[in-house]
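Take a look at the structure below.
Since we're looking at a predicted model, the values are computed, not measured.
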2 protein chains.
Amino acid sequence: MKVSTRFSDSIHLLTFLVIYKGKTTLSSNIIASSLNTSPVVVRRLMSNLRDAGFIKTTHGSPDTELLREPKDISLLEIYLATEGKSPLFAIDHETNPDCIVGGNIQPTLTDYFSHAEIAAEAVLGKISLQDVIDTILVKEAAKKQAENSKEE
Amino acid sequence: MKVSTRFSDSIHLLTFLVIYKGKTTLSSNIIASSLNTSPVVVRRLMSNLRDAGFIKTTHGSPDTELLREPKDISLLEIYLATEGKSPLFAIDHETNPDCIVGGNIQPTLTDYFSHAEIAAEAVLGKISLQDVIDTILVKEAAKKQAENSKEE
DNA sequence: ATACTGGTAATTAGATAAGTTACATGATTT
DNA sequence: AAATCATGTAACTTATCTAATTACCAGTAT
């Protein structure tokens with residue numbers, strides 16, 4: 001896996017806020033147990049999401065609030081807020097400038113790779129947090145249904 | 001950067017083989033100086049490219065050969081041969097199965113993320129090694145031109 | 001007041017990639 | 001045939017990054 005779990009964890013966190021709002025205390029401890037990680041990691045994710053303007057947190061109190069509508073939040077925005085600083089495809093090297101290849105490959109690949117990255121981001125831009133929530137709820141309903149029909 | 005330099009280095013290596021064929025000894029030492037890395041790293045890249053069927057190498061002799069036409073090799077194929085084992089976007093966690101979110105988010109995101117990955121790969125699939133070579137040669141020619149006009 | 005809770009720094013641990021050393025083996029040159 | 005140069009790999013070291021952990025401060029709520 002090339003992209004860290006911060007991205008998927010952030011989506012998970014935001015989804016949790018929506019689905020469990022009013023049903024559970026939205027503390028970093030409880031969220032951490034859903035994510036199966038430590039509360040500190042959750043708080044770090046929350047700090048980042050707060051700085052990016054997705055949520056409002058209250059120091060000392062677990063009343064975290066989503067500030068925007070799930071249907072208006074794209075996975076791309078979450079991606080950019082969590083991982084988007086560095087490019088997806090790396091061209092780290094200082095290649096040899098005296099070589100025809102080494103002297104020209106960096107801008108060449110940077111350009112081509114950015115096309116690929118933009119394509120991936122375009123897809124993420126069309127998926128909303130609401131889409132994720134809806135899919136999860138559909139899957140959960142299907143699970144329940146499967147359980148019920150088993151009992152009969 | 002999320003994807004290692006093996007991908008870009010492999011493209012660099014293959015491009016070098018084409019552009020410098022017959023003009024230089026294609027030894028791992030010489031290629032390494034273009035890539036600005038060590039010969040062992042180059043040999044490791046070559047081993048991988050050989051196993052993937054792109055090149056033929058000869059133990060003891062630097063007569064490495066490209067086995068396929070550059071116009072028929074896409075960057076996607078090189079990507080898959082060098083980095084394609086693991087998905088681009090990670091969902092590493094064993095999330096809590098007793099939670100509506102934790103119990104359903106993994107397949108949900110796996111699905112959405114694969115769409116993004118496929119979009120990126122589709123772009124890479126349309127770029128050929130020949131495209132890279134052509135772009136590099138054009139840039140090199142432009143450099144030479146700029147130098148000449150400066151001298152006048 | 002006391003017990004939770006968020007905020008954050010500092011440290012540790014684990015994974016991965018790249019560079020390095022070393023050496024075996026094949027090819028080439030003289 | 002011997003010496004040289006090449007590839008093929010294994011083993012080790014470094015560097016970097018992520019995540020987990022520990023610890024502590026500060027705010028909230030009962």
>> Would you say the ring centers of B/Phe89 and B/Tyr112 fall short of 6.0 Å from each other?
In response: no
>> Please determine whether a side-chain nitrogen or oxygen atom of A/Ser61 lies at a distance below 4.0 Å from atom OP1 or OP2 of C/dG6.
In response: no
> Is there a donor-acceptor pair closer than 3.5 Å between any side-chain N or O of B/Glu65 and the backbone N or O of B/Lys56?
Replying inline: no
> Using a cut-off of less than 4.0 Å, is there contact between a side-chain N or O of B/His93 and OP1 or OP2 of D/dA20?
Replying inline: yes
> Between atom CZ in A/Arg6 and atom P in D/dT18, what is the gap in whole Å?
Replying inline: 5 Å
> With respect to the side chain of A/His59, which nucleotide from C/dA9, D/dA6, D/dA26 is positioned closest?
Replying inline: D/dA26
>> If the cut-off is 4.0 Å, is B/Ser47 near the phosphate of D/dT7, judged by side-chain N/O to OP1 or OP2?
In response: no
>> Counting only side-chain nitrogens and oxygens, does A/Thr57 get under 4.0 Å of the OP1 or OP2 atom of C/dG7?
In response: yes
> Among the nucleotides C/dT5, C/dA22, D/dA20, which one has an atom lying closest to any side-chain atom of A/Ser38?
Replying inline: D/dA20
> In whole angstroms, how far is the P atom of C/dA17 from the CZ atom of B/Arg44?
Replying inline: 11 Å
>> Are there over 12 heavy-atom neighbours, none belonging to B/Lys21, within less than 6.0 Å of that residue's NZ?
In response: no
> Separation of B/Asn36 atom CG from C/dG19 atom P, in whole Å?
Replying inline: 8 Å
> Does B/Thr37 put a side-chain nitrogen or oxygen below 4.0 Å from OP1 or OP2 of C/dG19?
Replying inline: yes
> Using a cut-off of 4.0 Å on non-hydrogen atoms, how would the nucleic acid contact of A/Leu45 be classed: base, sugar-phosphate, or nothing?
Replying inline: nothing
>> So that I can tick it off, tell me whether B/Glu121 and B/Lys126 are bridged by a salt bridge, with the cut-off set at under 4.0 angstrom between side-chain N and carboxylate O.
In response: no
> Rounded to whole angstroms, how far apart are CZ on B/Arg43 and P on C/dA22?
Replying inline: 14 Å
> Does B/Ser28 place a side-chain N or O at less than 4.0 Å from the phosphate oxygens OP1/OP2 of D/dT7?
Replying inline: yes
> Is any side-chain N or O of A/Arg50 closer than 4.0 Å to OP1 or OP2 of C/dG7?
Replying inline: yes
> Closest to the A/Pro62 side chain: D/dA10, D/dT7, C/dG6?
Replying inline: C/dG6
> How long is the line joining CD1 of A/Ile91 and P of C/dA17, in whole Å?
Replying inline: 18 Å
> Rounded to the nearest Å, what distance is computed from the CG atom of residue A/Asn29 to the P atom of nucleotide C/dG6?
Replying inline: 7 Å
> Taking the nucleotide of DNA chain C with the closest heavy atom to each, which residue, B/Asp9 or A/Thr64, is nearer the 5' end?
Replying inline: A/Thr64
> Nearest-Å distance, CG (A/Asn48) to P (C/dG7)?
Replying inline: 12 Å
> Rounding to a whole Å, what distance do you find between A/Lys56:NZ and D/dT28:C1'?
Replying inline: 12 Å
> Do A/Lys144 and A/Glu140 meet the salt-bridge criterion of a basic N to acidic O distance under 4.0 Å?
Replying inline: yes
